[in-house]
Amino acid sequence: MKKTSRSKSEGRILVLEPDDSLGSTILSALHEAAPDAVVDLARNLEDAHRLVVSDRPDLFVLDLDGAKDLGNDFLLDLRTSHANARAIVLSDVRLDSQREQVARMGAIHFLEKPLPQAEFVELVQLLLRTEEEETKGEKFQGTLSDLHLSDIIQLKCMSGATSALEFSGPAGEKARVYFENGQVRHATTPGGEGVEAFNEIVSWKGGKISEVSGTGSPPRTIDLDWQFLLMEAVRKVDETSERRAQRKKLAPSQRQKVLVIDDSLMLLTFVQEILAEANYDVVAAATAEEGLQAAADQKPGLILLDYLLPDLRGDEVSRLLHEDEATTNIPVLYMSGFGADLASAQEEFPNVLAILNKPFSSDMLLKAVEQHLPRIPGTEAEAGKEAESISVAEFSDVIGPESEADTRVGGSPIWSEASTASLSRAVNGGSPARHHGPQWDGGVTAPPYFVGDTSFFSLIRALRVIEREQLTGVLSFSWAKADVQLYAAEGKVMLVTTRDTNLYCAETPITLVNIEPERLEQARASQTQTGAPMFMVLMRDDLLQREPALQLAQHYGQKLFAQLWCAPRVRFALTSLEPLPDFAREMTGDEDLNQWAVATLRSVQAGDIAEQPEVDLASIPAYTRDGFARVQNLRLTVSEAQFASQFNGNRSLAQIARNLRLDLKSARLGLFRFLALEIVECWPAPTAEDVQRGGVLKRLGRSIGIGE
């Protein structure tokens, strides 16, 4: 093995070439293409493995024919363990279909021998380009620091863009998201495509982003509305982060053991590092024989098994594991680049649960292990499994009309008992429901129609879904206090109530002073049992006239809902329910949902939002995409209308307060109400550089394609 001296370089290159003559030719060409690069020359695959583990090359030059066992499996392992590296593969034979498939992975390029030196030099220079050169000609590019990936995706969708974004993950892995008229239609990562790829991209922390052009028409692998697609992706990120945080707290005696059997040193090292960092105990074996012995001795909870091993194939190893009493119940996951061809092999043995397709990312690896490793009874991981909420595919019919035919039967969503039960737990924070939800005949809780969480999906969007889809049912809210129920009929809000009468109406209204205290307590007790507002109970008992009873129920329902606007996090689920309870049908309902929302927000006072993050006074309120049209249809007070007239995309909150002679508390409260309605959004204050370039809105608008 020959190794050049290390220096400040343009990159690091690993060459695997056993032939001295061709090796010299390659080194000469590399010196011409990248004179300052550090080049490591390996004569065999074993040396190459060691160099890959100790160093992190930017470019691989591999002779496919000169090294024994160098083939697709090595290349797939390379893409897994070195997602950001590029490769040039030399071959003097025609590429078969599998190698062509590998070549389409985006960072592996093939050249036929004899070495075409000019073409080789050009390709090396191309693959070792700096980031500045690589992004030259793209519409925009930058790092993901102030904005999260989900923010970027949301901006693209809100702008109605048709374009493609390329993301470079924290480990250099490449991925793309394709937009069409503001909807996400396709996503790709090194290990997959579609919704799973999109979810993986959203989970990345840090990295780089750029807009690319000339991508053509991608396949359509995603049909969900972008809002619910993104909401579900963010929810999964939160759940995964929480589960992994709990795993890191496990004591050594609670750590689960994973056996990894693979002859690729670089892949074995990669898997060991990722799983060990996630607080798993990892046992490694390089051959089938070593793996079988380790399985019998160590009793792992899960085995990750490379299907192509030097001494035995994966199916043979699985058979031996299954036939041995000591290892028959240990679940196995195949690791292979030929997953589609292994379906029959997977079905052959009950201990083989799934196939982890190469190449795979670190997140895909962790998800596979988390999904298939038996849970430890009594741990947070076990509880987390029970609290998993339904997938967006199960309720996408609410928002995604394009997928309606697939998700509805006879006009109703398809639900399983398991998903209904898990949703009930999810909406109640992973714990048993504090109150019984609406019941069908026989006492079976009605299946939920859609779910959400205000950490991403706002209350106003949930209300607008009810209005747009003309839904009838109950929207149940779970938060730090007692559950709240909103009843709706054909898209209209009927009333809001709760079984906690102190939360609903702590002090007796003056209207009720003439009613005996005992009867008031009976009405409160009835509300605790049924959820029917105490005023409706008094009306039913002829202790309160109909008109004041309905007015009080509406007023206190709106005050109750006002508290939800200010809560840091609220989970909600809409349950179809027909007919509604009698007390809900007594109400006439509000024709204009936006106007009803405004009325509830008028109950929010400055003290109620004291714990909310303070908006920077220098930030600039600006209308959302449909905000200006929506505000025109609202019946606003004079002060609200004056406040709304100040949103011109240039005035800061401090300037608006000065113009209207408002104290800062009142200005923040006014802005809070319009933000809650999603009529406006706040942009950061422009810097001197922003002003010089024409303002932050105009600059960001150009970068995301708004107005193009």
Side-chain angles (χ1 to χ4, degrees), residues 434-439 463 472-489 492-567 577 579-593 595-609 635-640 669 673:
R434 288 182 290 275
H435 303 305
H436 296 291
Q439 303 277 315
L463 296 176
T472 297
V474 55
L475 186 59
S476 299
F477 302 92
S478 179
W479 56 316
K481 300 179 182 180
D483 292 354
V484 173
Q485 293 80 38
L486 179 151
Y487 289 90
K492 301 175 185 176
V493 175
M494 306 302 286
L495 65 82
V496 180
T497 185
T498 178
R499 301 190 186 208
D500 186 333
T501 55
N502 288 325
L503 180 64
Y504 182 74
C505 178
E507 298 180 358
T508 303
I510 194 169
T511 313
L512 309 182
V513 293
N514 294 324
I515 300 177
E516 296 178 5
E518 183 179 349
R519 301 300 296 270
L520 288 175
E521 286 305 311
Q522 289 175 353
R524 285 181 177 273
S526 179
Q527 180 170 346
T528 301
Q529 292 297 317
T530 67
M534 55 185 289
F535 313 111
M536 314 286 279
V537 176
L538 294 169
M539 180 187 72
R540 182 193 62 198
D541 294 340
D542 295 326
L543 297 172
L544 187 63
Q545 292 184 357
R546 174 182 171 82
E547 193 60 32
L550 299 184
Q551 289 178 354
L552 286 168
Q554 181 188 53
H555 172 72
Y556 279 93
Q558 289 179 343
K559 287 188 65 176
L560 175 62
F561 193 88
Q563 298 182 56
L564 298 177
W565 292 115
C566 309
L577 186 63
L580 293 178
D582 291 342
F583 63 82
R585 285 184 283 144
E586 287 283 353
M587 307 295 292
T588 57
D590 283 84
E591 294 289 339
D592 189 333
L593 184 141
Q595 195 64 47
W596 180 87
V598 170
T600 65
L601 282 162
R602 287 174 182 152
S603 296
V604 176
Q605 300 303 313
D608 299 328
I609 62 172
R635 299 185 301 278
L636 301 176
T637 64
V638 173
S639 59
E640 289 168 345
L669 177 60
R673 292 169 175 167

Shortest non-hydrogen contact from [X] toward [Y]:
| X | Y | answer |
| --- | --- | --- |
| R499 | Q485 | N-OE1, 4.5 Å |
| M536 | A553 | SD-CB, 4.0 Å |
| V496 | L560 | CG1-CD2, 3.9 Å |
| A482 | D500 | CB-CB, 3.5 Å |
| A562 | V604 | O-CG2, 3.7 Å |
| C566 | D608 | CB-O, 3.7 Å |

Gap between atom [atom2] of [Y] and atom [atom1] of [X] - 0.5 Å precision:
| X | Y | atom1 | atom2 | result |
| --- | --- | --- | --- | --- |
| L544 | I515 | CG | CD1 | 5.5 Å |
| L475 | L463 | CG | CG | 7.0 Å |
| M534 | T497 | CE | OG1 | 10.5 Å |
| L503 | K481 | CG | NZ | 6.0 Å |

- Note on the structure: Residues passing the salt bridge (Lys or Arg N to Asp or Glu O under 4.0 Å) test with D582, sequence neighbours excluded, are R585
- Item | Residues which pass salt bridge (Lys or Arg N to Asp or Glu O under 4.0 Å) with R602, listed by chain and number, not counting sequence neighbours |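 Checked R602 against salt bridge (Lys or Arg N to Asp or Glu O under 4.0 Å); matches are E640.
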Looking at side-chain heavy atoms only, is the closest gap between [X] and [Y] below 4.5 Å?
| X | Y | answer |
| --- | --- | --- |
| D590 | Q554 | yes |
| L550 | M587 | yes |
| Q551 | F535 | no |
| M494 | L580 | yes |
| K492 | E591 | yes |
| L552 | M539 | no |
| P509 | H555 | no |
| T530 | V537 | no |

- Decide side-chain contact (heavy atoms from CB on, under 4.5 Å) for L520 and L538; before the verdict, give the C-alpha distance in whole Å, the side-chain angles of both, and the deciding distance to 0.1 Å. CA-CA 8 Å; L520 288 175; L538 294 169; 3.9 Å; yes
- Task: Without swapping roles, check the side chain of T498 against the backbone of D483 for a donor-acceptor pair under 3.5 Å.
- Result: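 Yes: the side chain of T498 pairs with the backbone of D483.
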- Check the pair T508 / V513 against side-chain contact (heavy atoms from CB on, under 4.5 Å), numbers first and verdict last. CA-CA 8 Å; T508 303; V513 293; 5.9 Å; no
- Neighbour count above 12 (heavy atom, 6.0 Å) for Q595 CD: yes
- Task: Using the test ring pair (Phe, Tyr, Trp, His ring centres under 6.0 Å), find all partners of F583 that sit at least two apart in sequence or belong to another chain.
- Result: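 F583 satisfies ring pair (Phe, Tyr, Trp, His ring centres under 6.0 Å) with Y487 only.
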- Among Y504, F477, Y556, ring-ring contact (aromatic ring centres under 6.0 Å, His included) partner for F561: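 The ring-ring contact (aromatic ring centres under 6.0 Å, His included) with F561 is passed solely by F477 among Y504, F477, Y556.
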- Go through the steps for Q527 and C505 under the test side-chain contact (heavy atoms from CB on, under 4.5 Å), then give the verdict. CA-CA 11 Å; Q527 180 170 346; C505 178; over 6 Å; no
- Query: Step by step, would you call D541 with Q522 a side-chain contact (heavy atoms from CB on, under 4.5 Å)?
  - Reply: CA-CA 11 Å; D541 294 340; Q522 289 175 353; 5.8 Å; no
